[in-house]
Amino acid sequence: MFADLRAAFPDLHVAVEHLVATDDELAFAYTITGKHLGPLMGRPATGRKASYRGMQISRFDNDGKLVERWGRSDELGMLRQLGLTEV
């Protein structure tokens, strides 16, 4: 996911807004910002800036290997800011 975002937003910045950790879990909320200068989801660059929020929760095994990950980000909000949706 982030490789595609980096291609679409070369100046991609992820700011961690909140971070919580336990022995085997890590959760964080973030804000992504950047200027749309490359293809995204098959759509050409718009040159517009976008800023949207998301969160991730990850669980690790005893060896530190990522075994589960859940997350969401406001992709519809990003698409609206870029003018790439009619909703």
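The figures here come from the full heavy-atom set of this structure, side chains too, leaving out hydrogens, waters and symmetry mates.
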Answer yes or no: is there a side-chain heavy-atom contact under 4.5 Å between [X] and [Y]?
| X | Y | value |
| --- | --- | --- |
| Leu19 | Leu26 | yes |
| Phe60 | Val67 | no |
| Ile32 | Leu5 | yes |

I need the minimum non-hydrogen distance between [X] and [Y], along with the two atoms involved.
| X | Y | value |
| --- | --- | --- |
| Ala8 | Pro39 | CB-O, 3.4 Å |
| Ala29 | Arg53 | CB-NH2, 3.8 Å |
| Gly38 | Ala45 | N-CB, 3.5 Å |

Which residues share a side chain to side chain contact (heavy atoms under 4.5 Å, CB included) with Ala50, sequence neighbours left out: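 For Ala50, the residues satisfying side chain to side chain contact (heavy atoms under 4.5 Å, CB included) (neighbours in sequence not counted) are Phe9, Met78, Gln81, Leu82.
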
ILVMFWY clustering at 4.5 Å (side-chain atoms), partners of Ile57: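 In the cluster with Ile57 are Met55, Trp70.
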
Within residues 5-15 or reaching into it, pairs that qualify as side-chain hydrogen bond (donor to acceptor under 3.5 Å, both in side chains) - sequence neighbours excluded: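 Matches after skipping sequence neighbours: none remain.
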
Full working for side chain to side chain contact (heavy atoms under 4.5 Å, CB included) between Met41 and Asp4: CA-CA 8 Å; Met41 300 178 190; Asp4 291 340; over 6 Å; no

Cluster link Val14 to Leu37, ILVMFWY, side chain under 4.5 Å: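 Val14 does not cluster with Leu37.
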
Residue pairs involving residues 22-50 (criterion salt bridge (Lys or Arg N to Asp or Glu O under 4.0 Å); sequence neighbours excluded):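 Applying salt bridge (Lys or Arg N to Asp or Glu O under 4.0 Å) to every pair that reaches into residues 22-50, excluding sequence neighbours, yields nothing.
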
Contact list for residues 57-73, test salt bridge (Lys or Arg N to Asp or Glu O under 4.0 Å), sequence neighbours left out: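 Qualifying pairs: Arg59-Glu68.
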
Under the side chain to side chain donor-acceptor pair (under 3.5 Å) test, residues paired with Glu17 that sit two or more places apart: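 If we apply the side chain to side chain donor-acceptor pair (under 3.5 Å) test to Glu17, skipping adjacent residues, the hits are Thr31.
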
Those residues that, when tested against Thr46, pass side chain to side chain donor-acceptor pair (under 3.5 Å) (two or more places apart):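 Thr46: side chain to side chain donor-acceptor pair (under 3.5 Å) contacts with His36.
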
Results of ring pair (Phe, Tyr, Trp, His ring centres under 6.0 Å) for Tyr30 - residues two or more places apart only: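 Here the qualifying residues are Phe28.
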
